[in-house]
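Here is the structure we will look at.
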Protein chains: 2
Amino acid sequence: MQSYTEENYLKIIYHLAEKTTNVQTNAIAEQMQTKPASVTDMIKKLADKGLVDYIKYQGVTLTETGKNAAIDIVRKHRLWEVFLVDKLNFKWDEVHDVAEELEHIKSTELIERLDEFLGFPKADPHGDPIPDKNGRFAKTQFIKLIELKVGDTGTITGVSQHSSAFLKHLEKLGLTLGIPIKISDITDFDGSVEIQLADKQVNISREVAKHILISSNGKN
Amino acid sequence: MQSYTEENYLKIIYHLAEKTTNVQTNAIAEQMQTKPASVTDMIKKLADKGLVDYIKYQGVTLTETGKNAAIDIVRKHRLWEVFLVDKLNFKWDEVHDVAEELEHIKSTELIERLDEFLGFPKADPHGDPIPDKNGRFAKTQFIKLIELKVGDTGTITGVSQHSSAFLKHLEKLGLTLGIPIKISDITDFDGSVEIQLADKQVNISREVAKHILISSNGKN
DNA sequence: AAAAATTTTTAGATTTACCTAAAAATTAAA
DNA sequence: TTTAATTTTTAGGTAAATCTAAAAATTTTT
Ligand SMILES: [Mn+2]
Ligand SMILES: [Mn+2]
Ligand SMILES: [Mn+2]
Ligand SMILES: [Mn+2]
């Protein structure tokens, strides 16, 4: 059994490992909002427990055990987010912090029943996949909206930025999950993207377009 | 803001204060499953924070602030228990431990929405009253089943013992919340109580009868 | 391949919540 | 009202998770 803190380290290492194989001390420190020296201490502890492989100065990778533990926490986090949005009517920009706490509640029974209560959802309110109780989930192939060309169509199925400010912005524009879109223009001047929605057109900056994930209906 | 541990101390002091005015160090230690020396340490800390009044060797009492904090934790505990039973189909003997963890999740918004989602319940699965968001709740006047005389009738509305063993026992006998009962006999030999239910008679020991709470329909 | 910059680790402290053992105060018994 | 038993506190320490400052290793730049 891991401590609250150890669980947070595992989860953060897991997420960082989605981008780089060997996760660096400084990167962990930044995510954990702590100092590199503290990270080194914790890494040693996790290595002693067999949760990470660690070579001094070379960063860490999760062991199979460590990865499973991390995925379990991700599962809990995302299920709780679904609960908060679907059952308690939270907005998608309001759920992350509470889920950060709820994910540490230790009860397998609780999570299985919650999963059932929610109807075994496949994705959380931000479009991120929810691992099943065996830790399995489809590695979804999203395209970043910014990679689409004029005329391409698709459906918004995720975001790669979870800050409240960003999510509220999308909400205001009507760019929420499940919304079908078509790229109507890409501005020469600043590269901003004009998007055709069912009832209106909206213009978003490249920065915003980078963080919207699309399941493409095929290019044209 | 209190730590997880401080919250547990406050809650335990609150419950102990329902029986005695000045709560003793040893009593707290027993409930907290820790040593008296540790309790003294924590009491000093809580006193410094203005959550308890403390005179050396004289025990503690909660301040107004401390009491409010304690009631808030009790509220969360009981609401989560209702959630677990009503929504996730846990049995009344399975919810306490998980609620012990959930009660520490820090989000006023979460609890208010949960309360609403549950339909603003007035009592938890054990019949204990749930304080409203202002900390107010009716001080329910229960009679212990053991105090009833032959011929008295009433309804089971609470239990004063929350152990899984006890609750499972009651469940098996059909003695659950809301069940109307009538005392049909009190055995001379061992003082055990014979109870008439809608469809059957059951016999319970004095020890069990002590921990069943009845809202009386009046004596006869 | 040095020098410079960056990253990571070690060393030594701090804080929180514990602990044991022993001293002090209070309460109960003789 | 002494003595005995109980309760509570103090003193001194431990383990987990931090921190700062300084040393060591690695990487990047000249
Ligand atoms: Mn989240
Ligand atoms: Mn999410
Ligand atoms: Mn309970
Ligand atoms: Mn209860």
Side-chain angles (χ1 to χ4, degrees), chain A residues 1-17 19-62 66 69-70 73 100-101 103-104 106, chain B residues 1-17 19-62 66 69-70 73 100-101 103-104 106:
Chain A
M1 193 97 300
Q2 286 89 44
S3 74
Y4 189 107
T5 310
E6 287 165 358
E7 289 188 347
N8 281 332
Y9 271 92
L10 290 175
K11 188 184 57 168
I12 278 168
I13 294 167
Y14 175 78
H15 285 312
L16 288 169
K19 288 165 190 169
T20 44
T21 354
N22 272 43
V23 180
Q24 299 196 125
T25 305
N26 272 2
I28 299 170
E30 193 190 332
Q31 292 295 310
M32 282 292 297
Q33 310 212 72
T34 186
K35 305 288 147 141
S38 307
V39 173
T40 302
D41 287 346
M42 181 55 81
I43 281 171
K44 284 178 181 167
K45 196 175 150 192
L46 295 175
D48 286 346
K49 289 193 171 189
L51 297 163
V52 298
D53 290 320
Y54 168 56
I55 306 164
K56 267 189 195 177
Y57 293 97
Q58 302 301 122
V60 288
T61 53
L62 290 170
I73 299 156
E100 283 296 303
E101 286 193 62
E103 73 190 5
H104 300 289
K106 286 175 181 44
Chain B
M1 194 98 297
Q2 286 91 46
S3 75
Y4 189 106
T5 310
E6 287 165 357
E7 288 189 346
N8 280 331
Y9 271 92
L10 290 175
K11 189 184 59 169
I12 278 168
I13 293 167
Y14 175 79
H15 285 312
L16 288 169
K19 288 165 190 165
T20 44
T21 355
N22 273 43
V23 180
Q24 300 197 124
T25 303
N26 271 2
I28 299 171
E30 194 190 332
Q31 292 294 309
M32 284 292 298
Q33 311 213 71
T34 186
K35 304 289 147 135
S38 306
V39 174
T40 303
D41 286 347
M42 181 56 79
I43 281 172
K44 285 178 181 169
K45 194 175 152 192
L46 295 175
D48 285 347
K49 290 193 172 192
L51 296 164
V52 298
D53 290 319
Y54 168 55
I55 305 165
K56 269 189 192 174
Y57 292 98
Q58 302 302 122
V60 288
T61 53
L62 291 170
I73 299 156
E100 282 296 304
E101 285 193 64
E103 72 190 5
H104 299 289
K106 285 172 184 45

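To find a chain, count down the sequence lines: A is the first, B the second, and so on, and within it residues start at 1.
Here the nucleotide nearest the side chain of Y54(B), chosen from dT7(D), dT8(C), dT9(D), is dT9(D).
Surrounding NZ of K56(A) are at most 12 heavy atoms belonging to other residues, nucleotides or ligands under 6.0 Å away. In E30(A), the CD atom is not crowded: 12 or fewer heavy atoms of neighbouring residues, nucleotides or ligands sit closer than 6.0 Å.
Distance NZ (K44(A)) to P (dA15(D)): 17 Å, rounded to an integer number of Å. Spacing between atom CD of Q24(A) and atom P of dT6(C) amounts to 14 Å, rounded to whole angstrom units. Taking atom CD1 of I55(B) as the reference point, atom P of dT9(D) lies 11 Å away to the nearest angstrom. Put simply, CG on D48(A) is 14 Å from C1' on dA16(D), counting in whole angstrom units. Atom CD of E7(B) and atom C1' of dT16(C) are 15 Å apart (whole Å). When rounded to the nearest whole Å, the span between CD1 of I43(A) and P of dA16(D) equals 17 Å. dT7(C) atom C1' lies 14 Å from atom CG of N22(A), rounded to whole Å.
With sequence neighbours left out, E103(A) forms a side chain to side chain donor-acceptor pair (under 3.5 Å) with K11(A), H77(A).
In this model, the phosphate group of dT8(C) is approached by a side-chain N or O of N26(A) to a distance below 4.0 Å at OP1 or OP2. For the pair T25(B) and dT9(D), the criterion of a side-chain N or O lying under 4.0 Å from OP1 or OP2 is met.
Summarising the geometry of T21(A) relative to T61(A), their closest heavy-atom pair is O-CG2, 3.3 Å, with the distance given to 0.1 Å. Smallest separation of non-hydrogen atoms from E6(A) and M1(A): OE1-O, 4.3 Å. Contact between K44(A) and Y54(A) at its shortest, heavy atoms only, is CG-CE2, 4.1 Å.
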Where protein sits on nucleotides 18-26 of chain C, one letter per nucleotide: B base, S sugar-phosphate only, - none, heavy atoms under 4.0 Å: BBB---BSS
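Distance alone, capped at 3.5 Å, is enough to place a donor-acceptor pair between the E101(B) side chain and the K106(A) backbone.
Pairing of dC19(C), defined by two Watson-Crick or G-U wobble distances under 3.5 Å, is identified with dG12(D).
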